[in-house]
Enquirer: 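One structure, as structure tokens, below. Some questions next.
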Amino acid sequence: RLDPQRECSRDVYVRADGGSRFFFAGKAVGAAGRCDAASAVLLQKRAILEHARLLHPELEQMHRLSRPLQLWAAPADSEVSVARKVQALESLEGARLSRAMREG
């Protein structure tokens, strides 16, 4: 049976543009039937990026060098699979909120 909370959750990673290293930043959770996980990440983008820069000094350094930071996501609770390179990350570059989410 599918867990609706898990289906609305994603692990979030941040990477400096052009970099090869991904940094785990945390988790984002939407609300079943109201806000999907990708939208939850986008709605919290600034807070997630700031949090990632505080957690990982290398990202702060890249930010100071004007290298854009990118958001990436993976299914909830897949950190070990990502570290083992079994689970691929999904770029959120170009992801946009739906009109309904923007108008809120």
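Since the model is a prediction, treat every value here as computed from it, not as a measurement.
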Enquirer: Any sub-3.5 Å donor-acceptor pair from R67's side-chain atoms to D17's backbone N or O?
Expert: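 Yes, the answer is positive, given that a donor and an acceptor are paired below the 3.5 Å cut-off.
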
Enquirer: Would a distance-only check, ignoring hydrogens and angles, find a side-chain to backbone donor-acceptor pair under 3.5 Å from H63 to L69?
Expert: no

Enquirer: Compare every heavy atom of A37 with every heavy atom of C8, then report the nearest pair and how far apart it is.
Expert: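 Minimum heavy-atom separation between C8 and A37: O-CB, 3.3 Å.
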
Enquirer: List the atom of K45, the atom of L71, and the distance in Å for their closest heavy-atom pair.
Expert: CG-CD1, 3.5 Å

Enquirer: Quick one: CD on Q87 to CG on D77, what's the gap to the nearest 0.5 Å?
Expert: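 Those atoms lie 11.5 Å apart.
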
Enquirer: Give the minimum heavy-atom separation between V82 and A74, together with the two atoms involved.
Expert: CG2-CB, 3.9 Å

Enquirer: Using 0.5 Å steps for rounding, measure from the CG atom of L92 to the OG atom of S39.
Expert: 10.0 Å

Enquirer: Passes side chain to side chain contact (heavy atoms under 4.5 Å, CB included), R15 versus R21? Steps please.
Expert: CA-CA 6 Å; R15 177 180 86 161; R21 191 165 174 206; over 6 Å; no

Enquirer: On a heavy-atom basis, which atom in A52 and which in V14 lie closest, and how many Å separate them?
Expert: CB-CG2, 3.6 Å

Enquirer: How long is the gap from OH on Y13 to CZ on F23, to the nearest 0.5 Å?
Expert: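 Reported value, rounded in 0.5 Å steps: 12.5 Å.
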
Enquirer: Within this structure, what is the CG-OG distance for the pair L89 and S78, rounded to the nearest 0.5 Å?
Expert: 7.5 Å

Enquirer: For a quick test of reading the model, state the closest non-hydrogen atom pair linking F24 to D11 and the distance between them.
Expert: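 Shortest heavy-atom separation between F24 and D11 comes out as CE1-CB, 3.9 Å.
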
Enquirer: Please determine whether a side-chain nitrogen of the Lys or Arg among E79 and K27 lies less than 4.0 Å from a carboxylate oxygen of the Asp or Glu.
Expert: yes

Enquirer: Closer than 3.5 angstrom, by distance alone: can the side chain of H51 be matched with the main-chain N or O of G26 as a donor-acceptor pair?
Expert: no

Enquirer: What are the two closest heavy atoms between V12 and I48, and how far apart are they?
Expert: CG1-CG2, 3.8 Å

Enquirer: Does this structure show an ion pair linking R46 with E50, if we count only N-O contacts that are shorter than 4.0 Å?
Expert: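 No.
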
